[in-house]
Amino acid sequence: MRSILGISAFYHDSAAAITVDGQVIAAAQEERFTRIRHTPDFPANAIRYCLDSSGLNIDDLDAVVFYDKPLLKFERLLQTYYAFAPRGLRSFLQAMPVWLNEKLFLKKAIYDGLAAIAPYNRRRMRLLFTEHHLAHAASAFYVSPFESAAILTVDGVGEWCTASIGMGDGNSIRLLKEMNFPHSVGLLYSAFTSFLGFAVNSGEYKLMGLAAYGNPVDPQTLRYVDLIKTRLADIKADGSIWLNQKWFTYTTGLRMLDAHKWQHLFGMPARPPESALEQCHCNLALAIQTVLEEIILKMAAEAKRLTGADQLCLAGGVALNAVANGKLRRAGLFKNLFIQPAAGDAGGALGAALATHYLYFGAQRMTQPGKDGMQGACLGPGFSEKEIEQLNRRMRAVSRQYEDFTALCDDIARRIEAGQVIGWFQGRMEFGPRARRPEHIGRCAQSGHTTRC
């Protein structure tokens with residue numbers, strides 16, 4: 001029995017996942033325990049939960065794996081500051097103490113974090129590190145129902161890589177093509193997230209939702225699309241992009257973009273957070289969403305060309321863009337899609353564990369057609385009836401227990417009809433930012449498309 005703990009931490013969306021002989025036993029984000037959204041803290045609570053779920057101690061683990069290579073990321077940081085010098089001095093002076101005191105000595109932070117959970121024999125610990133986009137690729141392919149598939153990963157940035165095309169076959173993954181920092185689809189989308197008043201690394205889904213209110217035939221929207229494609233991003237035939245760094249400051253600054261230049265370019269100031277939304281904001285959101293969809297379709301077409309595969313697996317933060325995923329599915333480039341539900345950094349913990357199991361230890365992989373390894377993504381904590389009753393008594397919560405499930409459904413239906421808001425808690429907590437029902441995935445699989453949207 002080979003047991004592996006995967007960890008993502010210290011950037012955003014910290015999480016832990018544990019696999020036993022390649023089976024996903026448990027996975028959870030740290031924010032679900034601390035209630036601090038997108039926390040970067042060491043996922044002590046999530047690790048403790050994963051160990052409890054598996055019945056294992058730290059000394060029982062064959063490996064602990066981190067989803068990033070910090071020294072390679074530090075190299076990128078230094079080379080970027082050097083390339084843009086003397087710009088970015090303020091950012092450099094703020095970033096270096098953090099890297100030198102915390103992230104550069106990540107091994108010690110992980111060892112100490114595990115020791116705070118439970119005593120263990122450090123000499124027996126096998127601590128490994130996997131590349132960021134390999135972890136993303138592994139998180140999607142190894143739990144997919146496909147024996148072989150093309151793999152597309154797209155996010156902000158890992159170490160150097162910002163997007164990759166790979167091929168998964170059996171227990172192997174080969175990365176065939178990469179796009180590197182500072183050119184990044186994820187960072188381009190995040191720059192618009194910031195300009196339109198939403199938080200980077202957490203508000204991108206709001207930008208996606210706002211795009212639905214844009215007018216696709218409005219000359220303003222069409223002009224915005226043209227400005228993005230001619231002034232900000234040069235989109236190549238294979239979906240790779242070249243970003244004109246004249247308009248961005250994320251390489252050396254403390255912000256994503258130069259707001260004054262963007263105001264002049266788009267004819268509107270940056271939207272303050274929580275301020276009123278106007279049609280121009282909606283149209284700009286639609287413009288960047290349209291550009292993103294064009295890029296994703298071109299990347300997918302390139303993945304098809306390189307691999308000839310009928311199946312495609314997706315991961316990375318941009319793979320959480322459900323609207324682009326829908327366009328990709330309808331395009332019919334691939335017969336089947338599988339999208340990792342925890343496609344962002346949290347899923348990197350799971351990918352790191354799976355990559356270690358199959359690539360480092362060389363384990364054989366078995367697949368079941370039409371059935372993935374995510375268990376409907378319900379991999380987090382669950383609570384028994386007894387635990388719920390005890391909590392209700394302790395908190396003196398107003399509650400009512402239904403013996404008849406039909407009566408419960410009827411009561412909820414009446415409340416919804418009356419305009420009340422209902423929260424439904426059932427089973428284990430889902431892994432990833434999009435709550436879903438396993439039944440939906442089953443219906444997609446039966447229709448010939450295995451999807452995660």
Side-chain angles (χ1 to χ4, degrees), residues 8 11-13 67-69 72-73 76 80 130-141 149-168 173-193 200-201 204 208 228-229 232-245 248 250-251 256 288-307 309 312-325 327-328 331 333-334 337-340 342-345 347-348 351 355:
S8 65
Y11 299 100
H12 58 87
D13 295 310
Y67 81 129
D68 232 347
K69 290 195 171 182
L72 193 56
K73 182 168 282 190
R76 186 252 298 169
T80 300
T130 184
E131 288 192 11
H132 187 94
H133 274 259
L134 177 59
H136 276 319
S139 76
F141 175 66
I151 308 170
L152 178 60
T153 69
V154 192
D155 69 359
V157 60
E159 296 89 2
W160 280 101
C161 182
T162 64
S164 73
I165 296 173
M167 181 67 191
I173 289 178
R174 292 179 295 119
L175 296 183
L176 306 175
K177 201 168 188 177
E178 290 186 353
M179 183 165 68
N180 289 331
F181 185 84
H183 309 295
S184 166
V185 180
L187 292 178
L188 173 64
Y189 201 79
S190 290
F192 281 86
T193 302
V200 172
N201 290 330
E204 282 77 7
M208 179 183 69
I228 294 170
K229 295 171 67 173
L232 301 185
D234 182 11
I235 304 172
K236 309 298 183 181
D238 63 356
S240 62
I241 63 172
W242 183 87
L243 295 183
N244 186 346
Q245 294 303 308
F248 302 92
Y250 58 77
T251 53
M256 292 295 301
I288 186 56
Q289 178 67 27
T290 301
V291 171
L292 173 74
E293 291 164 6
E294 177 183 339
I295 292 169
I296 294 301
L297 286 171
K298 287 185 174 181
M299 285 185 168
E302 180 68 3
K304 178 71 174 183
R305 185 188 72 82
L306 289 174
T307 66
L312 177 66
C313 297
L314 293 99
V318 176
L320 290 170
N321 193 297
V323 178
N325 294 342
K327 296 284 181 69
L328 176 58
L333 291 169
F334 294 87
L337 303 179
F338 180 87
I339 303 167
Q340 167 57 243
D345 275 12

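Not measured: the values here are computed from a predicted model.
- Counting heavy atoms from C-beta outward, Tyr189 and Val291 have side chains that stay 4.5 Å or more apart.
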Original post:
Would Phe338 and Leu314 count as a side chain to side chain contact (heavy atoms under 4.5 Å, CB included) if you check the C-alpha gap in whole Å, the side-chain angles of each, and the deciding distance to 0.1 Å?
Top reply: CA-CA 6 Å; Phe338 180 87; Leu314 293 99; over 6 Å; no
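- The residues Asp238 and Lys177 are annotated as salt-bridged, a charged nitrogen and a carboxylate oxygen being separated by less than 4.0 angstrom.
- Atom NZ of Lys304 is surrounded by more than 12 heavy atoms from other residues, nucleotides or ligands within 6.0 Å.
- When all heavy atoms of Ala319 and Asn325 are compared, the pair lying nearest together is O-ND2, 2.9 Å.
- Salt-bridge check for Lys327 with Glu293: passed, with a basic side-chain N closer than 4.0 Å to an acidic carboxylate O.
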Subject >> side-chain hydrogen bond (donor to acceptor under 3.5 Å, both in side chains) assessment of Tyr11 paired with Asp345 >> reply: CA-CA 9 Å; Tyr11 299 100; Asp345 275 12; over 6 Å; no
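- Note that CD1 of Ile151 is 8.0 Å distant from OG of Ser164, once rounded to the nearest 0.5 Å.
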Subject >> Glu131/Tyr67 under side-chain hydrogen bond (donor to acceptor under 3.5 Å, both in side chains): CA gap, chis, key distance, verdict >> reply: CA-CA 6 Å; Glu131 288 192 11; Tyr67 81 129; over 6 Å; no
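- Of all the heavy atoms in Ala355 and Ala138, the pair that sits closest is CB-CB, 3.8 Å.
- Judged by distance alone, the side chain of Glu204 and the main-chain N or O of Asn201 form a donor-acceptor pair under 3.5 Å.
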Original post:
Should Asn321 and Gln289 be marked as a side chain to side chain contact (heavy atoms under 4.5 Å, CB included) after you check the CA-CA gap, both sets of side-chain angles, and the distance that decides it?
Top reply: CA-CA 9 Å; Asn321 193 297; Gln289 178 67 27; 2.9 Å; yes
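- Contact between Ala315 and Gln340 at its shortest, heavy atoms only, is CB-CB, 4.3 Å.
- At a threshold of 4.5 Å between non-hydrogen side-chain atoms, the residues Ser190 and Met256 count as touching.
- Within the model, atoms CG of Leu328 and CE of Met299 stand 12.0 Å from one another, a figure rounded to the nearest 0.5 Å.
- Judged by distance alone, with hydrogens and angles left aside, the side-chain atoms of Ser184 form a donor-acceptor pair with the main-chain N or O of Asp155 at under 3.5 Å.
- The shortest distance between side-chain heavy atoms of Gln245 and Tyr250 falls below 4.5 Å.
- The closest donor-acceptor contact from the side chain of Ser139 to the backbone of His136 lies under 3.5 Å.
- Nearest heavy atom pair, residue Gly344 against residue Leu320, reads N-CD1, 4.2 Å.
- Side-chain contact between Leu312 and Leu333 is absent, with no heavy-atom pair separated by less than 4.5 Å.
- Between the CG atom of Leu243 and the CZ atom of Phe248 there is a distance of 5.0 Å, given to the nearest 0.5 Å.
- Of all non-hydrogen atoms in Thr251 and Pro182, the two that sit nearest each other are CG2-CB, 3.7 Å.
- Annotation for Ser240 and Met179: closest pair CA-SD, 3.6 Å, computed over non-hydrogen atoms.
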Original post:
Can Trp242 and Ile235 be said to form a side chain to side chain contact (heavy atoms under 4.5 Å, CB included), step by step?
Top reply: CA-CA 7 Å; Trp242 183 87; Ile235 304 172; over 6 Å; no
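- Taken to the nearest 0.5 Å, the CZ atom of Phe181 stands 13.0 Å off from the CD atom of Glu159.
- A 4.5 Å side-chain heavy-atom check between Thr153 and Val318 finds every atom pair outside the cut-off.
- Using a 4.5 Å cut-off on side-chain heavy atoms (C-beta onward), Ile295 and Ile241 make contact.
- For the pair Val185 and Val154, the minimum side-chain heavy-atom distance is below 4.5 Å.
- Here the CD1 atom belonging to Ile165 is positioned 12.5 Å from the CE atom belonging to Met167, to the nearest 0.5 angstrom.
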Subject >> Derivation and outcome, side chain to side chain contact (heavy atoms under 4.5 Å, CB included), residues Thr162 and Val157 >> reply: CA-CA 4 Å; Thr162 64; Val157 60; 4.0 Å; yes
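- Atom CZ in Phe334 sits 8.0 Å away from atom CG in Leu152 (nearest 0.5 Å).
- A salt bridge is defined here as a Lys NZ or Arg NE, NH1 or NH2 lying under 4.0 Å from an Asp or Glu carboxylate O, and Glu294 with Lys298 meets this definition.
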